[in-house]
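Structure, as structure tokens:
Protein chains get the first letters and strands the later ones, always in sequence-line order, with residue 1 at the start of each.
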Amino acid sequence: MSSNALITLTLPDGSTREYESGSSGADVAASIGARLAKAAVAAIVDGEVVDLSRPITGDSSIAIVTAASDEGREVLRHSAAHLMAQAVFDLFPGAKYAIGPAIADGFYYDFELPNETRFNDADLERIEARMRELSAEDQTFVRKEYDAQSGLELFADQPYKVEIIRNVTAGTAEDDDSEEVGGDGTVGVYENVRSDGTVAYVDLCRGPHVPTTARLGAFKLTRVAGAYWRGDEKRQQLQRIYGTAWEDGKALAAHLHRLEEAEKRDHRKLGLDLDLFSFPEEIGSGLAVFHPRGGTVRRLMEDYSRQRHADGGYEFVNSPHITKSQLFETSGHLEWYAEGMFPPMHLDGETDYYLKPMNCPFHILIFKSHTRSYRELPMRLFEFGTVYRYEKSGVVHGLTRVRGMTQDDAHIFCTREQMVEEVQRALTFVLGLLRDFGLDDFYLELSTRPKEKAIGTEVEWDEATDALRRAAEPMGLDLVMDEGGGAFYGPKISVQARDAIGRTWQMSTIQLDFQLPARFDLNFVGSDNDKHRPIMIHRALFGSIERFFAVLLEHYAGAFPAWLSPVQVSVLPVADRHEDYASAVATRLKTDGYRTEILNAHNDTLGNRVRRAKTQKVPFVLVVGDEDAEAGTVGVNARGADTPERAIALEEFVGRLASQVAERG
RNA sequence: GCCGGGAUAGCUCAGUCGGUAGAGCAGCUCACUCGUAAUGAGCAGGUCAGGAGUUCGAAUCUCCUUCCCGGCUCCA
């Protein structure tokens, strides 16, 4: 093809332009405008994101990627990971590098340092400073392609790169490898080239990258962490450095600001500030106590849940916290789940006792206490069951990951014919319940048979998994697969909820189980007078009350809706002489069951008391003075309202509060 | 469990070179009695997470334990 052959490129707006064959994205950007050329970091040619410098040799569609786009930021972050690795090599000679992808909001790179050296926080500053120097050198990212053999030679002293190349060429690539190498057998390599033409850094990489390191400025290294090679705890632990990178300083600052805002919602901080719960060191890791205010919220959650379960056809049961080991031997927990259990209590001359990590075996025994008829099915047994799990020390986290928790747990015993309908019914039930608590953005996840820890046959698992899928599909929600994520006894559907700032939380789980009924030899008498084996559905809707509490706390940033607020109304007399009236107002509210406190004038100014109530995120602050005592009114300062209202008739306020609470607002 | 970082008053934090601790807020008392996000003064509050070691002397240096934070793995 001659150098002046023309190609036709189609721009995103549908217009076409002609260029010389071999023109690059950079040429196209420059021909459109100087500003675009400056902002460009990559190009999308026929749907594929490529380097700006990649020559285009045929008619194509093209879009210029600027840094301020999702694709652009990904390129930026991936390039920043290379820059970081280069800085690490400069400062830590002999380092080995593994993988360094872009991730949500940032990037990381995994390293192995010689002599078991570890990065510390001070190293992050040095590495970041070195990155800035390298960025200032304006090194060019240059793509090269090699065959596999040359690639292996090039990275001969880099065992992780060698493993990646071998995997790709052997066709056994793992997911991460596609970040690094193209799928066509060629090994893509990027070099960072200095202005004098020398090569400063080489990496195995699919790309694309920004044109030069000077494009990378708005970045920050955030933390250092251990990470297992291939995410496998049986393999080498590497040193991972996380960073974030953005199109400009303003976007970086905005990101850091978002992190700060999310920190303000942290349930651990809010739990302290609002006096809801604590984790006394004396009790032990992952074991919470709920204070009166937190206890109130929890009671309200439980009360509402009980009412819904009663309406939903559940029967209430109760079971102890400990049991003889035999029960968990029969259930398979001691074989499959022992590492999640607290060690046993040894009693002289008796069998061992265990704290329960799950409620299911107990509910099974309740089912088994009689001969059951098909007429009793589906039997739905519900309990707020407190369980204890020996979580590994590094995973305990606030209320979302604890060692003692209460599940809103139920086990549904039903026939094979009923199971799809029962799962569907449970899904509908949970979505309604979660919506009542103010969550309304969901998707579903279907977790399948674990690779190693699973009981039962493939056929049973397939049937159970298929039943869950059939139940989930009509819900009209996205269904995401989670291969290998099921429990040891059955697959599960989990409901994932997005909160007010877009984070997702695993809430409810619904599991279908053919195994435990068999292990416990459960049966019921059918209409044919024969024995049949029931199916079991395990389901917890809040997940755990502790976790759900944390999710709500973060979702609402501590400002619980009025129906859940530990204190719904604070009554503030303007001066001591209004105490009697304030007391009368409070009594009136308490008569209707509203949680009301009085903040008296003694020792404290009105302004400060308003502040205290507002800080505690009380939904309604009532200020009562001479005019109110005279007229039977209140001043209403509603949470979130711009200005307080004056002279509202007490009964009018009560009505307003009543309707808000009734609507669970 | 693994890697990194931590623990000083109820909370947030300061504490220099190793010489046994300090502030603000919260609490209590008194004064003030006030109409919508911090009135003033005073008082009290600490085995510096726990233990061992080094030292004439440890909040400070070393080791162990507990607990917390950020990740990895795991998970409701």
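We find that CD of A:Glu116 is positioned 14 Å from P of B:C2, with the value rounded to whole Å. Counting to the nearest Å, the C1' atom of B:A76 and the CD atom of A:Glu445 are 13 Å from each other. When rounded to the nearest whole Å, the span between CG of A:Leu622 and C1' of B:U36 equals 12 Å. Atom CD of A:Gln616 and atom P of B:A38 are 16 Å apart (whole Å).
Using atom C1' as the reference point in both B:A49 and B:C67, the two lie 8 Å apart (nearest Å). Rounded to whole Å, the separation between the P atoms of B:A38 and B:G46 comes to 31 Å. To the nearest whole angstrom, the two P atoms, one in B:C30 and one in B:C69, are 40 Å apart. For the C1' atoms, the distance from B:U60 to B:G18 is 6 Å, rounded to whole Å. Nucleotides B:G4 and B:C75, compared at atom C1', are 22 Å apart to the nearest Å. For the P atom pair drawn from B:C43 and B:A23, the interatomic distance equals 11 Å after rounding to whole Å. Going from the C1' atom of B:U20 to that of B:U47 covers 11 Å, rounded to whole Å. B:U29 sits 44 Å from B:G71 when the P atoms are compared, rounded to a whole Å.
A donor N or O paired with an acceptor N or O is found under 3.5 Å between the base of B:G1 and the side-chain atoms of A:Tyr228. Residue side chain A:Glu391 reaches the base of B:A76 through a donor-acceptor N/O pair under 3.5 Å, judged by distance alone. The base of B:U36 is not paired with the side chain of A:Lys614 by any donor and acceptor separated by under 3.5 Å. Residue side chain A:Asp626 does not reach the base of B:G35 through any donor-acceptor N/O pair under 3.5 Å, judged by distance alone. Looking at A:Gln237, its side chain has no donor and acceptor atom pair within 3.5 Å of the base of B:C3.
Residue A:Gly625 is in base contact, counting any heavy-atom pair closer than 4.0 Å across all strands shown. Residue contacts for A:Ala601: at a heavy-atom cut-off of 4.0 Å it reaches a base atom on one of the strands shown. Among the protein residues, A:Gly231 comes within range of the sugar-phosphate backbone only, with heavy atoms under 4.0 Å from sugar or phosphate atoms but none that close to a base. The residue A:Gly543 sits close only to the backbone: its heavy atoms come under 4.0 Å of sugar-phosphate atoms, none of a base. Among the atoms of the strands shown, only primed sugar atoms or phosphate atoms (P, OP1, OP2) are found under 4.0 Å from some heavy atom of A:Tyr242. A:Asn637 comes within 4.0 angstrom of a base, heavy atoms only. No engagement by A:Arg612 is indicated, since no non-hydrogen atom pair under 4.0 Å with the nucleic acid exists. Among the heavy atoms of the strands lying under 4.0 Å from A:Val402 is at least one base atom, whether or not backbone atoms are also near. Within the nucleic acid shown, A:Leu572 has no heavy atom closer than 4.0 Å to any nucleic acid atom. Heavy atoms of A:Lys453 sit nowhere under 4.0 angstrom from any nucleic acid atom. Nucleic acid contact for A:Asp232: none, since no nucleic acid atom lies under 4.0 Å from a heavy atom of the residue.
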Exercise. Please walk me through it: do A:Asp408 and A:Ser305 pass side chain to side chain donor-acceptor pair (under 3.5 Å)?
Worked result: CA-CA 8 Å; A:Asp408 58 334; A:Ser305 169; 4.6 Å; no
Exercise. Checking side chain to side chain donor-acceptor pair (under 3.5 Å) for the pair A:Glu383/A:Ser319: CA distance, chi angles, key distance, verdict?
Worked result: CA-CA 8 Å; A:Glu383 173 183 12; A:Ser319 60; 2.8 Å; yes
For this session: Apply the test ring pair (Phe, Tyr, Trp, His ring centres under 6.0 Å) to residues A:Tyr337 and A:Phe328: give CA-CA distance (whole Å), side-chain angles for both, the deciding distance (0.1 Å), then the verdict.
Result: CA-CA 9 Å; A:Tyr337 198 76; A:Phe328 289 126; 9.1 Å; no
Exercise. For A:Tyr109 and A:Phe111, what are the C-alpha separation, side-chain angles and deciding distance, and is it a ring pair (Phe, Tyr, Trp, His ring centres under 6.0 Å)?
Worked result: CA-CA 7 Å; A:Tyr109 218 119; A:Phe111 301 96; 5.3 Å; yes
For this session: Start with the C-alpha distance between A:Trp229 and A:Glu112, add both sets of side-chain angles, then the distance that settles side chain to side chain donor-acceptor pair (under 3.5 Å), and finish with yes or no.
Result: CA-CA 10 Å; A:Trp229 171 233; A:Glu112 181 189 341; over 6 Å; no
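If you check the side chains of A:Tyr581 and A:Asp628, you find no donor sitting under 3.5 Å from an acceptor. In this structure, a donor-acceptor pair under 3.5 Å is absent between the side chains of A:Gln407 and A:Ser544. In this model, a donor atom of one side chain and an acceptor atom of the other lie less than 3.5 Å apart for A:Glu483 and A:Thr448. With 3.5 Å as the limit, one finds no donor-acceptor pair spanning the side chains of A:Glu645 and A:Thr643.
For A:Ser393, the listed nucleotide lying nearest its side chain is B:G1; candidates were B:C3, B:C68, B:G1. Checked against B:G71, B:U73, B:C34, the side chain of A:Ala225 finds its nearest nucleotide in B:G71. When distances are taken from the side chain of A:Arg118 to each of B:A76, B:A37, B:G4, the shortest belongs to B:G4. Considering only side-chain atoms of A:Arg401, the nucleotide from B:C34, B:U36, B:C74 that sits closest is B:C74. Side-chain atoms of A:Asp576 lie closest to B:U33 of the nucleotides B:A76, B:C72, B:U33. Minimum atom distance to the side chain of A:Ser544 is reached by B:A76, of the listed B:U12, B:A76, B:G1. In this structure, the nucleotide among B:U33, B:A76, B:U36 sitting nearest to the side chain of A:Ala575 is B:U33. Residue A:Gln506 has its side chain nearest to B:A76 when only B:C32, B:A38, B:A76 are considered. You'll find that the side chain of A:Glu627 is closest to B:G35, out of B:G35, B:G4, B:C32. Taking every side-chain heavy atom of A:Asn603 into account, B:A31 is the closest of B:A31, B:G35, B:G70.
Ring geometry for A:Phe653 versus A:Phe620: interplanar angle over 60°, hence perpendicular rather than tilted (30 to 60°).
For the OP1/OP2 pair of B:U39 and a distance below 4.0 Å, the side-chain nitrogens and oxygens of A:Thr605 include at least one atom meeting the criterion. Between A:Lys234 and B:C2 there is no side-chain N or O to OP1 or OP2 distance below 4.0 Å.
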For this session: For RNA chain B, just give me the dot-bracket, please: Watson-Crick or G-U, both distances below 3.5 Å, ( ) intra-strand, [ ] crossing earlier pairs, | paired with another strand, . unpaired.
Result: (((((((..((((.....[..)))).(((((.......))))).....(((((..]....))))))))))))....
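In this structure a side-chain-to-backbone donor-acceptor pair under 3.5 Å is missing from A:His333 to A:Pro357.
In terms of heavy atoms, A:Arg268 sits closest to A:Phe277 at CA-CZ, 4.4 Å.
A salt bridge links A:Arg298 with A:Glu302: the closest approach of a Lys/Arg side-chain nitrogen to an acidic carboxylate oxygen falls below 4.0 angstrom.
Of the residues near RNA chain B, A:Arg547 and A:Gly398, the one whose nearest nucleotide (by heavy atom distance) lies more toward the 5' end is A:Gly398.
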Between protein and nucleic acid, restricted to nucleotides 64-67 of chain B and to nitrogen or oxygen atoms under 3.5 Å apart, what atom pairs and distances do you find?
from, atom 1, to, atom 2, distance (Å)
B:U66, O2', A:Glu281, OE2, 3.4
B:U66, O2, A:Glu281, OE2, 3.2
B:C67, OP1, A:Ser285, N, 3.4

